[in-house]
Amino acid sequence: MAKPSIPQGTRDFSATVVNKRNYILSTIKSVFELYGFEPLETPAMENLETLMGKYGEEGDKLIFKILNNGINNPKNIEKSTLGFEKALIGKSSIELTERALKYDLTIPFARYVAMNQGKLTFPFRRYQIQPVWRADRPQKGRYREFTQCDADIVGSTALLNEVELANIYHQVFMQLGLSGYTLKINSRKILSALAQLCGGAEKMMDITIAIDKLDKIGLDKVKEELTERNLSPEQISIIEKYLLIAGTNEEKLAQIKSLVGNLAIGKEGIGEVEFLFQQTSNVNLAIDFTLARGLNYYTGIIFEAKAPAEVQMGSIGGGGRYDDLTSLFDVPDIAGVGISFGVDRIYDVMEELQLFPNDIEKGSKAIFFNMGEAESLFAFSVMQQLRAKGVSCEMFHEFSKIAKQFSYAEKKNIEYAIIIGSKEIEDKQCLVKNLSSGVQEVVTLENLATFFNK
RNA sequence: GUAGUCGUAGCUCAGUUGGUUAGAGCAUCAGAUUGUGAUUCUGAGGGUCGGGGGUUCGAGCCCCCUCGAUUACCCCA
């Protein structure tokens, strides 16, 4: 047997990690519920067909595909061979894979809505907290299995939904102590207007991919990339003007109006951003017209949450409006908008900034030391009575040196040690020692539960 | 998919131009100590030096391949 290992980009979570993750997850969950979202869970795997083509060409490559069972069955050999031939030239083949691990929570949600449109009451608000998988090369803040926390509203076009979602971001990050976060917003409609000015809608992808990198590679490199993507110098100079928009949120709005405000779609997008900006004065909002977001199903407002500047980490959340997502499943006219939190990255950021509260890790409240065979049997029944009163406790079942029992308790962050030896059994009492302060007191067995529940 | 860096004990690492039987600290276990966490002392276990091949009288060290970790690019949470 080889050394035990786990797949690249996956992790085991120890008790302390689970406790810290749960702290984040329960914070997010409670805010979602506060805003009236109901839970949903979907399977780890979806039909490949459901996922393919929804995340762009790059996205398709990153979908984990599940090999069909029975491809070596004699009656399937012909089909399987055909499948391999397709796979070898880079095509996806249902002869080999019919299922895949989900890549995000939004598309499975859209599938769910399309399947259950008759049963759902619209507008439908759901939240979903589940792992997703991407066949990406792992690196800092990037894993192959990670957890997303999504909240979406479908069946409503009102911009107040976006306002609520922005407030959810704010409330969650504030509760977690990430007050230095920024919520970047833009509208795909503004990007679309820019594309119109520069050679038409089919240039949209090229333009957005390039300008999205502005703060990473700088203006000159973006222009180089645009040239590579066959944009003409005139078009690039328009984009340059667009990229040079700067200043406060108000100033940016004023500048964008003169650039794309006379196009219908541009005007619409600006109106959305302006509305959101006006209605969310308490949120750390930053209008950023270079924000694009890779997923190509977004159609309106888009969000991206950035970690506090002192931490080098990409986005810790994102989302936006998708006006015809369910039409991918032949169900038109269900508008939606949603956001997502990247728990794993939020975890890394909070760890780096030391934002986790100290009392997050707690083991049992008390441990009964083992003072001998007869004594431990007696102590066992005392322990069971204590548990019945709701006190979390455990016992050291091996008769070991006291020092060892102490060091066990210390490592497990147990608050109290309870010592019951022959003398204590006789006197119907026990010694309770606070392990952090070292203070020890005698408590009668009768009063033990009261001692802990006071 | 592309590129850089790194793999020596459970952990952190040292290991000289290639040279005897690969070391240290911490941790673990046992004893000094049969009911109170410390300190100190004594002792023990633990390694096919990531794996395979090559060069050499001789490889932890040099060369090739490979696997893993990590970081960056592409893309993204």
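Lettering follows sequence order; numbering is per chain, from 1.
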TODO: Give one of base, sugar-phosphate or nothing for Y143(A), where a contact means two heavy atoms less than 4.0 Å apart.
DONE: base
Open item on the list: From C-beta outward on K401(A), which listed nucleotide comes closest to its side chain: G31(B), C76(B), G37(B)?
Closed with: G31(B)
TODO: Could you check which of G37(B), C73(B), U36(B) has an atom nearest any side-chain atom of R137(A)?
DONE: C73(B)
Task: Presence of K404(A) side-chain N/O under 4.0 Å of C29(B) phosphate oxygens OP1/OP2 - done: yes
Task: Presence of donor-acceptor pair under 3.5 Å, side chain of Q405(A) and base of U36(B) - done: no
Task: Rounded distance in Å between the P positions of U21(B) and G10(B) - done: 23 Å
Task: Residue M371(A), side-chain atoms from C-beta onward, closest of C76(B), A72(B), G35(B) - done: G35(B)
TODO: Validate the cation-pi geometry between R21(A) and F13(A): distance from NZ or CZ to the six-membered ring centre under 6.0 Å, angle to the ring axis within 45°.
DONE: yes
Open item on the list: Checking contacts here: which listed nucleotide (G37(B), C76(B), C74(B)) is nearest the side-chain heavy atoms of Q139(A)?
Closed with: C74(B)
Open item on the list: Just to be sure I understand the rule, does K213(A) reach a base, reach only the sugar-phosphate, or reach nothing, if contact means heavy atoms closer than 4.0 Å?
Closed with: sugar-phosphate
Open item on the list: So, OP1 or OP2 of A69(B): does either fall under 4.0 Å of a side-chain N or O from Q8(A)?
Closed with: yes
- [ ] Assign D136(A) to base, sugar-phosphate, or nothing according to its heavy-atom contacts below 4.0 angstrom with the strands shown.
- [x] base
Open item on the list: Using the P atom as the point on both nucleotides, what is the distance between A27(B) and U34(B), in whole Å?
Closed with: 23 Å
Task: Pairwise 5' ranking along RNA chain B for L435(A) and I316(A), keeping only the more 5' one - done: L435(A)
- [ ] Let me know, please, whether E304(A) or I6(A) comes out on the 5' side of the other along RNA chain B by nearest nucleotide.
- [x] I6(A)
Open item on the list: Distance check, C1' atoms only: U56(B) and U5(B), in whole angstrom units.
Closed with: 29 Å
Open item on the list: Defining pairs by Watson-Crick or G-U wobble geometry with both distances under 3.5 Å, how would you list the stems of RNA chain B with at least three pairs each?
Closed with: B:1-7 with B:67-73, B:10-13 with B:23-26, B:28-32 with B:40-44, B:50-54 with B:62-66
TODO: Using a 4.0 Å heavy-atom cut-off across all strands, classify G438(A) as base, sugar-phosphate, or nothing.
DONE: base
TODO: Please work out which of the three classes, parallel, tilted or perpendicular, describes the rings of F341(A) and F32(A), given edges at 30° and 60°.
DONE: tilted
Open item on the list: Whether R126(A) and D152(A) form a salt bridge (side-chain N of Lys/Arg under 4.0 Å from carboxylate O of Asp/Glu) is what I want to check.
Closed with: yes
Open item on the list: Under 4.0 Å, counting only non-hydrogen atoms across every strand here, what does E410(A) touch: a base, just sugar-phosphate, or nothing?
Closed with: base
Task: RNA chain B contacts made by residues 419-426 of chain A, counting heavy atoms under 4.0 Å - done: I419(A), G421(A), S422(A), K423(A), E424(A)
Task: Member of F396(A), Y416(A), F369(A) meeting the ring pair (Phe, Tyr, Trp, His ring centres under 6.0 Å) criterion with F406(A) - done: F369(A)
